[in-house]
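What follows is a set of notes on a single structure, which appears directly below.
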Amino acid sequence: MYDDAINAKANIQPPTILTSLSLTHVQYVGRDIYSKVFAHLTLSPLAITCGYIAVILTTRDLTVILMLAGQFINECINYILKRMLKQGRPTDYLGDGYGMPSSHSQFMGFFATYLIILMYRMGSSSDSVGSHITTGIVIIWASLVIYSRVRLLYHTWQQVLTGTFLGCAFAVGYYFFTQRFLRSKGMQDWMIDNSYARWAYLVDREQMGHVYQWEWDQFQQWRQTNTP
C-alpha cells in the first residue's frame with residue numbers, strides 16, 4: 001500500500017511550468033561554508049520587514065510607521081531605476097531581473113542610515129557607549145549583507161555601491177522631509193489625532209527627548225505604585 005502511494009505521487013504531473021519565488025530563492029556554493037552564511041545574510045531584508053511589522057503592532061509608534069513607509073518608497077525608487085537603466089546582472093544563471101542598482105544594498109543603506117539617525121535623535125546622548133556599539137553592529141550587518149550580493153555573484157561592486165549610496169542619501173533626505181515638512185506643517189500631529197489613530201492608540205515617540213529614559217522612569221514609578 002505504501003509503495004502504491006509513492007508510485008501514485010511520482011506520477012502526478014504539475015499543471016503548468018513551475019518557477020521559484022525569487023524573493024526567497026538564493027543559490028550558493030554548497031561546499032563553501034562562507035557562501036552558506038552569506039546566503040542566509042542576504043535574506044536580511046525579509047527579516048527586517050517582519051521586524052518592522054512586529055514593532056509597529058507592539059508599540060503603535062508613528063515614527064516606525066513613517067520609517068516603513070520610507071522603506072517602501074525607497075524600494076519603489078529602486079524598481080523604477082532598474083527599469084530605466086536596464087543593466088544586467090554579472091551572470092546569466094542567477095536571477096532574471098536587472099542588477100543596477102542593487103535592491104538589497106539600497107534597502108540596507110536606507111535601513112542602517114535612518115535607524116542610526118533615529119537612535120541618536122531619540123535615544124541616548126552622542127557620547128553614549130551603547131549608541132556607538134549599536135551603530136557599529138548595524139553598519140557591520142549592513143556591510144555584510146551588501147558584500148553578500150557580490151560574493152554570491154548576484155551583483156557587481158558598481159551595482160551594490162550605487163544602491164548603498166542611493167539608500168543612504170534617500171534616508172537622509174526622507175528624514176529631513178518628515179521633520180522639516182510633515183512636522184512643521186503639523187501633519188504628524190494630524191496623523192496621531194485623527195479618529196483612526198486614536199482607535200489604534202498611535203503615539204509619536206520622536207517628539208520626546210531621551211524616550212528610553214522616560215519609559216524606564218515611567219516603569220519604575222508604576223512598580224512603586226503597584227508593588228504591594
TODO: Check ring-ring contact (aromatic ring centres under 6.0 Å, His included) between Y79 and all other residues, then give those that pass, not counting sequence neighbours.
DONE: none

Task: Heavy-atom closest pair, residues T59 and V55 - done: OG1-O, 2.6 Å

TODO: Indicate if F181 and Y114 have the same hydrophobic cluster label, given that clusters are the connected sets of ILVMFWY residues with side-chain heavy-atom separations under 4.5 angstrom.
DONE: yes

- [ ] Enter the distance from L144:CG to I139:CD1 here, rounded to the nearest 0.5 Å.
- [x] 12.0 Å

TODO: Report the C-alpha distance between T135 and M119 in whole Å, list the side-chain angles of each, state the deciding distance to 0.1 Å, and finish with yes or no for side chain to side chain contact (heavy atoms under 4.5 Å, CB included).
DONE: CA-CA 9 Å; T135 297; M119 182 177 59; 2.8 Å; yes

TODO: Work out which heavy atom in M67 is nearest to a heavy atom in L115; give both atom names and the distance.
DONE: CE-N, 3.9 Å

- [ ] Drop me the distance from I73's CD1 to E75's CD, to the nearest 0.5 angstrom.
- [x] 11.5 Å

Task: I65 CD1 to I56 CD1 distance, which is reported to the nearest 0.5 Å - done: 5.0 Å

- [ ] Could you check if a side-chain atom of I146 sits within less than 4.5 angstrom of a side-chain atom of L161, using non-hydrogen atoms only?
- [x] no

TODO: Please examine the side chains of N78 and L166, heavy atoms only from C-beta on, and report whether any two atoms are closer than 4.5 Å.
DONE: no

Open item on the list: I need the I53 CD1 to I48 CD1 distance, nearest 0.5 Å.
Closed with: 12.5 Å

Task: Q87 side-chain N/O to K82 backbone N/O, donor-acceptor pair under 3.5 Å - done: no

Open item on the list: Keeping N74 on the side-chain end and Q106 on the backbone end, is there a donor-acceptor pair under 3.5 Å?
Closed with: yes

Task: Donor-acceptor pair, side chain of Q71 and main chain of F107, under 3.5 angstrom - done: yes

Task: T113 side-chain N/O to F110 backbone N/O, donor-acceptor pair under 3.5 Å - done: no

Open item on the list: I need the F170 CZ to F177 CZ distance, nearest 0.5 Å.
Closed with: 9.0 Å

TODO: State whether the side chain of H104 and the backbone N or O of T42 hold a donor-acceptor pair below 3.5 Å, judged by distance alone.
DONE: yes

Open item on the list: If we ignore hydrogens and angles and just use 3.5 Å, is the side chain of T162 paired with the main-chain N or O of Q159 as donor and acceptor?
Closed with: no

- [ ] Using the test side chain to side chain contact (heavy atoms under 4.5 Å, CB included), find all partners of V150 that sit at least two apart in sequence or belong to another chain.
- [x] W157, V160

TODO: Report the relative orientation of the aromatic rings in W141 and F111; use parallel for angles under 30°, tilted for 30 to 60°, perpendicular for over 60°.
DONE: perpendicular

Task: Min side-chain heavy-atom separation I77-I80 under 4.5 Å - done: no

Open item on the list: Does any part of the side chain of I117, heavy atoms only, come nearer than 4.5 Å to the side chain of F176, both counted from C-beta?
Closed with: no

Task: Distance-only side-chain donor-acceptor flag, S105 / R149, under 3.5 Å - done: no

Open item on the list: I need the L81 CG to S103 OG distance, nearest 0.5 Å.
Closed with: 11.5 Å

Task: Side-chain donor or acceptor of Y174 paired with backbone N/O of L66 under 3.5 Å - done: yes

